[in-house]
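Below is one structure; the comments refer to it alone.
A note on names: the letters A, B, ... follow the listed sequences, proteins ahead of strands, and every chain is numbered from 1.
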Amino acid sequence: MSANLSALAYLISSVCFILALQGLSSAKTSQRGLTLGIIGMILAVGTTLASPIVSSYGWIITGIIVGGIIGSFIAQKIQLTALPQLIAAFHSLVGLAAVCVAGAALLEPASFNLGQIGSIFRGSLVEMGLGVAIGAVTFTGSLVAFAKLQGLVSGNPLIFKGQHPLNAILLIGLVILIGLFAMTESHSLFWGITFISLLLGFLLILPIGGADMPVVISMLNSYSGWAAAGIGFTLANSLLIVTGALVGASGAILSYIMCKGMNRSIINIILGGFGGEQAAASQGRAEQRPYKVGSAEDAAFIMKNAKSVIIVPGYGMAVAQAQHALREMGDILTKEGVQVRYAIHPVAGRMPGHMNVLLAEAKVPYESVLELDEINRDFGQTDVAFVIGANDVTNPSAKTDPKSPIYGMPVLDVEKAKTVLFVKRSMSPGYAGVDNELFYQDNTLMLFGDAKKMCEEIIKALEE
Amino acid sequence: MESISPFVFGLTVFILAVFVGYYVVWKVTPALHSPLMSVTNAISSVIIVGAVLAAGTAQDLLTQLFGFGAVVMASVNIFGGFVVTRRMLGMFNKKK
């Protein structure tokens with residue numbers, strides 16, 4: 001295939017990828033978008049395979065088959081509650097693949113049209129250094145995120161003295177090394193860059209607490225895009241540059257949306273430490289205040305006699321795998337003539353859109369699932385707000401208490417509902433470590449227990 | 001006329017693509033943010049293009065192995081990302 005022809009094929013793939021993202025603007029067009037994305041990918045790989053310089057296919061075909069089987073198998077089997085971990089693991093692979101490609105380009109530049117060993121173009125060396133650095137940071141950063149989400153290491157922020165100066169020194173060192181590498185094409189400098197970047201990836205994500213995971217995942221999503229773009233610059237391949245830029249922009253926007261959902265700045269999150277000390281500080285004053293405890297039968301009675309119920313799900317629902325029982329409860333109430341809707345906070349769950357996927361899995365009708373700004377005004381005219389597995393996103397002190405660590409964060413106005421039913425394991429504070437004023441209100445009824453069991457008990461009570 | 005360096009050309013493409021990405025992604029409905037992440041994850045593995053070049057053209061075994069490793073990892077991502085996205089979107093479209 002001639003160079004021009006393959007460049008045109010790559011252009012078509014780029015357009016396919018753009019349309020794939022555009023398809024996600026509504027559920028109706030999303031399937032078509034996905035199909036276009038797959039077509040774009042097949043076209044991209046096919047074009048590369050057809051290029052005249054590719055001479056042996058053994059490694060490639062074996063690699064695609066092995067990777068394809070592993071990937072499809074995992075993606076079929078994974079439970080959707082574990083989606084955030086899966087995505088983090090996938091991001092790490094993009095990072096490592098970028099490192100491998102940059103390494104290969106260094107060892108045999110001629111394969112990529114970058115000149116000869118010892119005289120690789122200086123610009124290409126800079127791009128190679130950047131590509132490998134971003135790839136390596138993405139790799140180890142995503143591994144840490146994966147380990148935190150999977151519960152392999154504590155979700156608490158890990159902070160030690162001198163962390164930020166150390167990171168700053170590493171970062172400056174990295175820039176200097178890339179500069180030296182571009183001038184000398186020294187292989188040991190290249191591996192030095194790789195090593196420091198791997199270390200930096202670890203150090204950057206370790207101090208970030210579990211509650212900030214939606215931001216971290218989006219940020220790593222963005223990095224994996226920039227890594228692809230970096231490799232695109234090295235190989236002077238427009239398709240990689242375009243795709244990398246799209247993915248990078250997408251991750252950056254998601255990070256921004258998540259930050260806004262928590263009213264925090266991205267710098268603040270990267271510096272980390274949220275959910276650590278504040279937790280200890282605010283726990284002290286929380287106890288000994290009266291709150292009302294209800295039973296599943298009480299909850300069933302109240303909801304059966306309500307006109308409208310808004311369900312507020314959070315990560316706790318995902319952990320308890322309560323989405324199916326919850327939907328069944330919603331169905332029974334709907335049959336009784338109750339209007340049932342779901343309110344989704346942007347940072348509910350551990351990744352953007354996590355709750356929506358889980359509710360869709362349980363076959364909750366798409367139209368009854370609403371975003372924060374669509375439904376927040378309706379709490380005032382609602383009989384019952386049913387909070388299940390969410391906490392901080394309903395805390396009214398985010399609006400009233402300037403001293404609260406979550407002050408200014410947009411929250412669901414749950415307290416305005418006539419009755420608040422709050423499903424919770426115990427009186428412990430939420431992920432941000434802040435006590436919730438909502439528990440002590442006159443119109444709040446606490447339902448203690450596992451989210452799934454509670455839903456099942458309410459269903460039983462409703463059916464009686 | 002002196003020719004434009006590949007870097008400047010690449011940068012042009014890059015900046016324009018960032019703008020396209022910016023406007024397209026803001027239009028994505030929040031309910032589909034999870035599929036957005038998994039699909040972007042799959043397409044960022046288009047890095048497989050570089051991996052294929054390394055695995056298919058290299059003379060040296062070490063380079064071939066780098067290429068092979070990258071092909072495997074990118075394939076896991078491509079297949080995994082698309083399959084999981086399909087699963088999710090299937091759920092969003094099922095009811096009705």
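If you measure heavy-atom distances from A:S92 to chain B, you find no contacts under 4.5 Å at all. For chain B, the nearby part of A:L83 is the side chain; its heavy atoms alone come within less than 4.5 Å. There is no contact between A:F73 and chain B, counting heavy-atom distances below 4.5 Å. For a residue to count as touching a neighbouring chain, one of its non-hydrogen atoms must lie under 4.5 Å from one of that chain's; by this rule A:A20 does not touch chain B. Looking at A:I69, neither its backbone nor its side chain comes within 4.5 Å of chain B, counting heavy atoms on both sides. Of the atoms belonging to B:M88, it is side-chain heavy atoms, and not backbone ones, that fall under 4.5 Å from chain A. Only the side chain of A:T243 has a heavy atom closer than 4.5 Å to any heavy atom of chain B. Looking at B:F9, the atoms closer than 4.5 Å to chain A (heavy atoms on both sides) all sit in the side chain, from C-beta outward. Neither the backbone nor the side chain of A:S124 comes within less than 4.5 Å of any heavy atom in chain B. Both the backbone and the side chain of B:V49 come within contact range of chain A, judged by heavy atoms closer than 4.5 Å. Interface remark: B:I47 contributes backbone and side-chain atoms alike to the contact with chain A (heavy atom separation under 4.5 Å). In this structure, chain B has heavy atoms under 4.5 Å from both the backbone and the side chain of A:Q22. Both the backbone and the side chain of B:L11 come within contact range of chain A, each with at least one heavy atom under 4.5 Å from a heavy atom of that chain.
Residues forming a salt bridge (charged side-chain N to carboxylate O under 4.0 Å, His left out) with A:D331 (at least two apart in sequence, or on another chain): A:R327. When the side chain to side chain donor-acceptor pair (under 3.5 Å) test is applied to A:Q79, the partners found at least two apart in sequence or on another chain are A:Q321.
Within the 4.5 Å cutoff, no side-chain heavy atoms of A:L24 are placed close to those of B:T29. With contacts defined as side-chain heavy-atom distances shorter than 4.5 Å, the pair A:N356/B:L32 does not qualify. Residues A:V126 and B:F7 have side chains not in contact (no heavy-atom distance under 4.5 Å, counting atoms from C-beta outward). Inter-residue side-chain proximity for B:T57 and A:S56 is flagged as unmet; no heavy-atom pair is nearer than 4.5 Å. Counting only heavy atoms from C-beta outward, the side chains of B:V46 and A:S13 never approach each other to under 4.5 Å. The shortest distance between side-chain heavy atoms of B:V71 and A:W59 does not fall below 4.5 Å. Taking 4.5 Å as the limit, every side-chain heavy atom of B:N77 sits out of range of all side-chain heavy atoms of A:H91. The closest side-chain heavy-atom distance from A:V101 to B:F66 is not below 4.5 Å.
The candidate with the highest count of non-hydrogen atom pairs below 4.5 Å against chain B, out of A:I70, A:V45, A:T35, A:I38, is A:I38. Ranking A:N237, A:L246, A:L240, A:I344 against chain B, the residue ahead of the rest is A:L240, based on heavy-atom pairs under 4.5 Å. Across A:I18, A:L34, A:V242, the residue that shares the most heavy-atom pairs under 4.5 angstrom with chain B is A:L34. Here B:I43 is the residue among B:L65, B:I43, B:I48, B:T85 with the most heavy-atom pairs under 4.5 Å with chain A. Interface remark: of the candidates A:S30, A:G40, A:A228, A:S30 forms the most heavy-atom pairs closer than 4.5 Å to chain B. Residue with the most contacts toward chain A among B:S45, B:A42, B:A55: B:A55 (heavy-atom pairs, distance under 4.5 Å). When each of B:V13, B:V84, B:V28, B:N41 is checked for heavy-atom pairs under 4.5 Å with chain A, B:N41 comes out on top. When each of B:A74, B:A58, B:G67 is scored by its heavy-atom pairs under 4.5 Å with chain A, the top score falls to B:A58. For the set B:G69, B:S5, B:A31, B:P35, the entry with the most heavy-atom pairs within less than 4.5 Å of chain A is B:A31. Chain B forms the most heavy-atom pairs under 4.5 Å with one residue out of A:L359, A:I53, A:V369, A:L235, and that residue is A:I53. Ranked by heavy-atom pairs under 4.5 Å with chain B, the first of A:A249, A:S72, A:A236, A:G68 is A:G68.
Atom-to-atom distance recorded for B:S44:OG and A:Y223:OH is 15.0 Å, nearest 0.5 angstrom. Taken from CE in B:M73 to CZ in A:F90, the straight-line distance is 13.5 Å, to the nearest 0.5 Å. Distance NE2/B:H33 to CG/A:N221: 11.0 Å, rounded to 0.5 Å. To the nearest 0.5 angstrom, A:I74 atom CD1 is 13.0 Å from B:F79 atom CZ. With values rounded to the nearest 0.5 angstrom, B:T40 atom OG1 is found 7.0 Å from A:L21 atom CG. Here the straight-line distance linking atom CG of B:L36 with atom CE of A:M351 works out to 9.0 Å at 0.5 Å rounding.
With hydrogens and angles ignored, the 3.5 Å screen pairs a side-chain donor or acceptor of A:S55 with a backbone N or O of B:G56. For A:E108 (side chain) and B:T63 (main-chain N/O), no donor-acceptor pair under 3.5 Å exists by modelled atom type. Remark: the backbone N or O of A:P352 is paired with a side-chain donor or acceptor of B:S34 at under 3.5 angstrom. Between the side chain of B:S75 and the main chain of A:G67, no donor-acceptor pair closer than 3.5 Å is present. In this structure, the side chain of B:R87 engages the main chain of A:I78 through a donor-acceptor pair within 3.5 Å.
When all heavy atoms of A:S51 and B:L53 are compared, the pair lying nearest together is OG-CD2, 4.3 Å. Closest of all the heavy-atom pairs between A:V357 and B:M91 is O-SD, 4.5 Å.
Two rings, from B:F14 and A:F233, have their centers less than 6.0 Å apart.
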